2 protein chains.
Amino acid sequence: MATIDDVARTAGVSKSTVSSVFSQKRPISKEVTERVLAAARQLDYKPNYWARSLANKTTRIIGLNMPGERVKFSLFHLSLLNGVLSECSSSGYRLLVNSLSRTYLDEVPHLAKEPVDGDILLDPVEGDVRIADRIRQKLPLVVIGRPSGEFESKVSYVDNDNVENGRQVTEYLLGLGHRRILFLNASAGKTVSADRGLGYRRALEQAGVPFDPQLLVHKDPNQTSSDFGYAVSKKAIAKHPDITAIITDTDKMAVGVYKAAAEAGIAIPGDLSVIAFSDETVFAAELHPPLTGVKLFGEELGREAAKLLIDQCVSGNRSVKRALIATEMVERGSCAAAPVRAATDH
Amino acid sequence: MATIDDVARTAGVSKSTVSSVFSQKRPISKEVTERVLAAARQLDYKPNYWARSLANKTTRIIGLNMPGERVKFSLFHLSLLNGVLSECSSSGYRLLVNSLSRTYLDEVPHLAKEPVDGDILLDPVEGDVRIADRIRQKLPLVVIGRPSGEFESKVSYVDNDNVENGRQVTEYLLGLGHRRILFLNASAGKTVSADRGLGYRRALEQAGVPFDPQLLVHKDPNQTSSDFGYAVSKKAIAKHPDITAIITDTDKMAVGVYKAAAEAGIAIPGDLSVIAFSDETVFAAELHPPLTGVKLFGEELGREAAKLLIDQCVSGNRSVKRALIATEMVERGSCAAAPVRAATDH
DNA sequence: TCCGTTTATAAAACCGGTTTAATCTATTCG
DNA sequence: CGAATAGATTAAACCGGTTTTATAAACGGA
């Protein structure tokens, strides 16, 4: 394809003039501009993105970084993604999704600086190496979810208040008279599961209800949400018949619980209340019964993260910022007062 | 950050030696390699991705291109995306999602060659300018969905057999005795809606059932699927009480139909059969009644598209290929024989 | 009219890598 | 022992842009 030199030659000007015409960083007379653009059109010339990036030291691309290897985007990720893309599109940024495993990236022939101006990190885990990595490389960074430990105060992040969310749903169920509440939490290691778990325990503690570790189960990352919800709730229902409420990490997980309950002849919400951390409105409302849940506003999270990051990239301002996105509990019909029998069980 | 020159100086070798150590394209003695890597580690050096791309004329990045501006990824797109990412991750490619509008990209200061080795195009429409664009730039290209008109034979694409799918669901409903079948099709202009619409009409024709244009409605792109499904089916049910079956473009759209039917006191599948082109299994099975639909295997589509594209990029082989991904109709419970009353209506 | 500015364009250096062609050793073979 | 050859390393050119610095032309004021 044609290069800037070809255009310069054809238009009878120097390459720096052509450069100025396209970058618009220096004024070029109307007449010459026309001539250059005409030559470019004739040669079907477009500036080379990478040559530009090399000289400009900026790409107008931000990265979206999945945690482990071969992780699939969930419904929640989809919301995040839509939010991020919406912000990108209005700010003129592209989004690079990096799903390459660390082992791959660390092989000598693939070793390279990430080709982005900044990175959004999804699903931070305890002691997340990705964060230290970005900090060392001085790459602008925004985490979606709370970074663990020392990093919490060192990097910008966007999150819901998950401790509060965990507390809120637990308190809500406690208020309905439930005492034995099973929590199907996100995978162990994720800070989101730690936070929600903490909120859950705090609410129990405050209500004087003893915490039973058997009622706090972490998702197996190798299982789908619905399979996990089904398998674990089925087992738990059989083993602990005094459970009257279940909190699930996602709406799909709740679907698994619905299935297990149906098979066991347990009525929702009559015998069992179910509440989910959720981002799906359309389907949740159509389940039987409609699923009560806490809306997380993933799109808002994504948009806000992208905004913070792009702001950092544009302004060069590395100050650490934090955004907590408000959530909203939506009562739909899967929670009810605890059955009297169960309340006396313990 | 440290550059290749810094490393060369520190290690006491030339920059071309350092380059060879990292690119592994030329043998370097073990001893020198060690020395270079040590220097790199010490300086925290990583090769600059952009400089590399510039010199190599390849980026190991493929693009994913949304159609218009500010379009949100749907559940189906999510499946595609997961398929694409899975293939990317195993081939060592990154994925660049471009959601920038054409008008933006055509402004002089933003004008540039796409920074990718090839592009995947989603949701082709009639006379899609994006395709001609890529062809002119000689950029490897794979379309997900059938490209329109002349392009069908000129570019590689991956698709379901949508004409057949349209025919199949219509025939299925006809076989159940339905004669007045409302088709809530995808947006006008998309080739997928044209194809399914064609299959629908062919099935009707073959069965000797007259085609009523009022029963073929295209989605309004400004409405959500479920809102559209709700609004249109509500109106249609009132206006054409002889409708006994509805085909919807997506499962979310079917949810809208469920809602409209419930409000009108119409039983599914007793009074009204519903069938959807679908990619969502978990929720579809949990609706009341469980939603019958045609699984499209979006993940397979995405994976195959990425495979074709990366193959083109790696081999330089521009031959036009096509992959049709098999679909599968899953009967769940939202379709039944047409009610007798309605069958005599017409 | 002449000189100091301003304005438009050009030449050359630069961004940070890769690659070709040249150089310098070390080895092999007649 | 000298020439041919192979192997490792390097100098210099190159990828396609941007930017700094230089130059030429146009303009304005004294």
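A, B, ... follow the sequence lines: proteins, then strands. Residue 1 opens every chain. Values in this document were obtained by computation on a predicted structure and should not be read as measured data. FYI, side chains are in, hydrogens and waters are out, and symmetry mates aren't considered; it's all heavy atoms of this structure.
The shortest distance between the side-chain N/O atoms of N48(A) and the OP1/OP2 oxygens of dT18(D) is not below 4.0 Å.
A nucleotide of DNA chain C counts as in contact with chain B when one of its atoms lies under 4.0 Å from a heavy atom; the first and last such, 5' to 3', are dG16(C) to dT20(C).
Looking at heavy-atom distances under 4.0 Å, V13(A) makes contact with sugar-phosphate atoms alone, never a base. The residue Y49(A) sits apart from the nucleic acid: no heavy atom pair falls under 4.0 Å. Using a 4.0 Å heavy-atom criterion, one finds that S29(A) contacts the sugar-phosphate atoms exclusively. At the heavy-atom level, K15(B) lies under 4.0 Å from base atoms of the strands shown. Nucleic acid contact class of T3(B) (heavy atoms, under 4.0 Å, all strands): sugar-phosphate only. Contacts of S16(B) with the nucleic acid, taken as non-hydrogen atoms under 4.0 Å apart, include base atoms. Across all strands, V18(A) comes closer than 4.0 Å to no nucleic acid atom at all (heavy-atom distances).
For R146(B) and T191(B), the side-chain atoms include no donor-acceptor pair closer than 3.5 Å. Side-chain atoms of T17(A) and S14(A) form a donor-acceptor pair, as typed in the model, at a separation below 3.5 Å. Side-chain contact of E87(A) with Y93(A): a donor-acceptor pair under 3.5 Å is absent, judged by distance alone. Between the side chains of N317(A) and Q312(A), no donor-acceptor pair of N or O atoms lies under 3.5 Å.
Following rounding to the nearest Å, Q24(A) (CD) and dT18(D) (P) show an atom-to-atom distance of 12 Å. When the P atom of dT18(D) is taken as reference, atom CH2 of W50(A) falls 15 Å away, rounded to whole Å. The NZ-P distance, from K30(B) to dA8(D), rounds to 14 Å in whole Å.
Using a cutoff of 4.0 Å between basic side-chain nitrogens and carboxylate oxygens, R94(B) and E114(A) are scored as salt-bridged. Using a 4.0 Å cut-off between charged side-chain N and carboxylate O, E304(A) and R322(A) make no salt bridge.
Of the candidate nucleotides dT18(D), dA8(D), dT10(D), dT18(D) has the atom lying nearest to any side-chain atom of A55(A).
In plain terms, the two heavy atoms of F73(A) and L85(B) that are nearest each other are CE1-CD1, 2.9 Å.
Each of R26(B) and K57(B) lies near DNA chain D, and the nucleotide nearest R26(B) is the one positioned closer to the 5' end.
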